[in-house]
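A short worksheet on the structure shown next.
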Amino acid sequence: MAPTVERKKIDLAPLKAANVPIFFIVGGPGSGKGTQCDKIVAKYGLTHLSSGDLLRDEVKSGSPRGAQLTAIMESGALVPLEVVLDLVKEAMLIAIEKGSKGFLIDGYPREVAQGQQFESEIQEAKLVLFFDVAEETLVKRLLGRAETSGRADDNIDTIKKRLHTFVTSTAPVVDYYESKGKLVRINAEGSVDDIFGVVVANLDKVTSKI
Ligand SMILES: Nc1ncnc2c1ncn2[C@@H]1O[C@H](COP(=O)(O)OP(=O)(O)OP(=O)(O)O)[C@@H](O)[C@H]1O
Ligand SMILES: Nc1ncnc2c1ncn2[C@H]1C[C@H](O)[C@@H](COP(=O)(O)O)O1
Ligand SMILES: [Mg+2]
């Protein structure tokens, strides 16, 4: 039986009142989501929240919630929706208190239900950026990152499982937001700067008010 997830009541009123733009950043493992988010933050000053980073921080904190996460993440599976959404909400609220003018939610949603729950409880995403990269390239990039990242999931066995999770659970997210007219599909096989050029062209269409 799955362990019970500890949940707190989170007051979302300040986040909803701020009504700042929210962008979901989606792509396979190693597609360059974090790399591009760093560049977007530097240019547009949005707040970057990576659900994977939030989960890794939770593990490092030694909390009871964190203790349940290590095995899931090392198996390449998805962490339960409620755990991720609570961490994202808490981080968004802290950022709003500090005056955030908008969010890049990186690595979220990983399944359609995550997107639906986020949007019904918080606010609709303005756009979903999808970094489209072939599996062969993803594996090559992740094995390169493994040399320095120290990430427990940057090893070939977990990479294969993460790719499987991406195809089975996250690919439907791409179809879902495409059908809603919110998806920006970006070929992310090229250089970091070329990809960023395409990102900027798309963000400039919708960020004039930021
Ligand atoms: N366009 C690119 N060309 C070559 N290498 C890249 C490119 N973009 C990112 N990388 C490299 O690929 C690796 C993965 O990039 P990054 O960490 O940004 O991916 P990610 O999508 O955030 O992955 P994850 O889902 O595992 O967190 C890093 O070592 C990064 O330096
Ligand atoms: N949004 C998420 N839902 C469920 N599980 C997640 C989510 N974001 C990250 N995770 C877990 C599963 C991933 O394999 C690891 C690492 O995430 P990454 O975005 O690759 O840093 O964390
Ligand atoms: Mg990342």
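Note that these values count all heavy atoms, side chains included, but never hydrogens, waters or copies made by symmetry. Both ligands and their constituent atoms are indexed starting at 1 by order of listing.
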- Task: Specify the closest pair of heavy atoms between Val198 and Asn202, including all atoms of both residues, with the distance to one decimal.
- Result: O-ND2, 2.9 Å
- Heavy-atom contacts under 4.0 Å between Glu189 and ligand 1: side chain, backbone, both, or neither? neither
- Message: Heavy-atom distances under 4.0 Å decide this one: backbone, side chain, both or neither, for Arg162 against ligand 2?
- Response: side chain
- Check whether any N or O atom of Ser50, backbone or side chain, sits under 3.5 Å from an N or O atom of ligand 2, and answer yes or no. no
- Query: Has the side chain of Ser51 got a donor or acceptor atom that lies under 3.5 Å from a matching backbone atom of Gly107?
  - Reply: yes
- Note on the structure: Quick look: Asp153 vs ligand 2, heavy-atom contacts under 4.0 Å, and the answer is side chain
- Task: Would you tell me which option among Arg151, Arg145, Arg162, Lys33 has the nearest heavy-atom contact to atom 17 (O) of ligand 1?
- Result: Arg145
- Can you tell me which residue and heavy atom of the protein come closest to atom 9 (C) of ligand 1, and the distance to 0.1 Å? Thr35 OG1, 3.4 Å
- Please say whether Tyr108 places an N or O atom under 3.5 Å from an N or O atom belonging to ligand 2. no
- Query: Is it true that Gly144 lies under 4.0 Å from ligand 1, counting heavy atoms only?
  - Reply: no
- Query: Counting from 1, what ligand 1 atoms have a heavy atom of Val192 closer than 4.0 Å?
  - Reply: 1 (N), 2 (C), 7 (C), 8 (N)
- Query: Counting distance only, does the side-chain N/O of Glu189 pair as donor-acceptor with the main-chain N or O of Ala134 below 3.5 Å?
  - Reply: yes
- Query: Side chain or backbone of Leu55 under 4.0 Å from ligand 2, or both, or neither, by non-hydrogen atoms?
  - Reply: side chain
- Donor-acceptor pair, side chain of Tyr108 and main chain of Ile25, under 3.5 angstrom: no
- Message: Would Arg110 count as a polar contact of ligand 2, with the cut-off being nitrogen or oxygen pairs under 3.5 Å?
- Response: yes
- Message: Applying a heavy-atom cut-off of 4.0 Å, say which part of Ala77 lies close to ligand 2: side chain, backbone, both or neither.
- Response: backbone
- Message: Under a 4.0 angstrom heavy-atom cut-off, which atoms of ligand 1 come close to Ile195?
- Response: 1 (N)
- Item | Nitrogen or oxygen of Asp53 less than 3.5 angstrom from that of ligand 2 | no
- side chain to side chain contact (heavy atoms under 4.5 Å, CB included) with Met92: of Thr47, Ile105, Ile10, only one passes, and it is Ile105
- Message: Which label fits Phe130 and Phe166: parallel for a plane angle under 30°, tilted from 30 to 60°, or perpendicular past 60°?
- Response: parallel
- Query: Backbone, side chain, both or neither: what part of Val84 comes under 4.0 angstrom of ligand 2, heavy atoms only?
  - Reply: side chain
- Any idea which of Gln114, Arg56, Glu111 brings a heavy atom closest to atom 21 (O) of ligand 2? Arg56
- From atom 22 (O) of ligand 2, work out which of Lys33, Glu74, Met73 has a heavy atom at the shortest distance. Met73
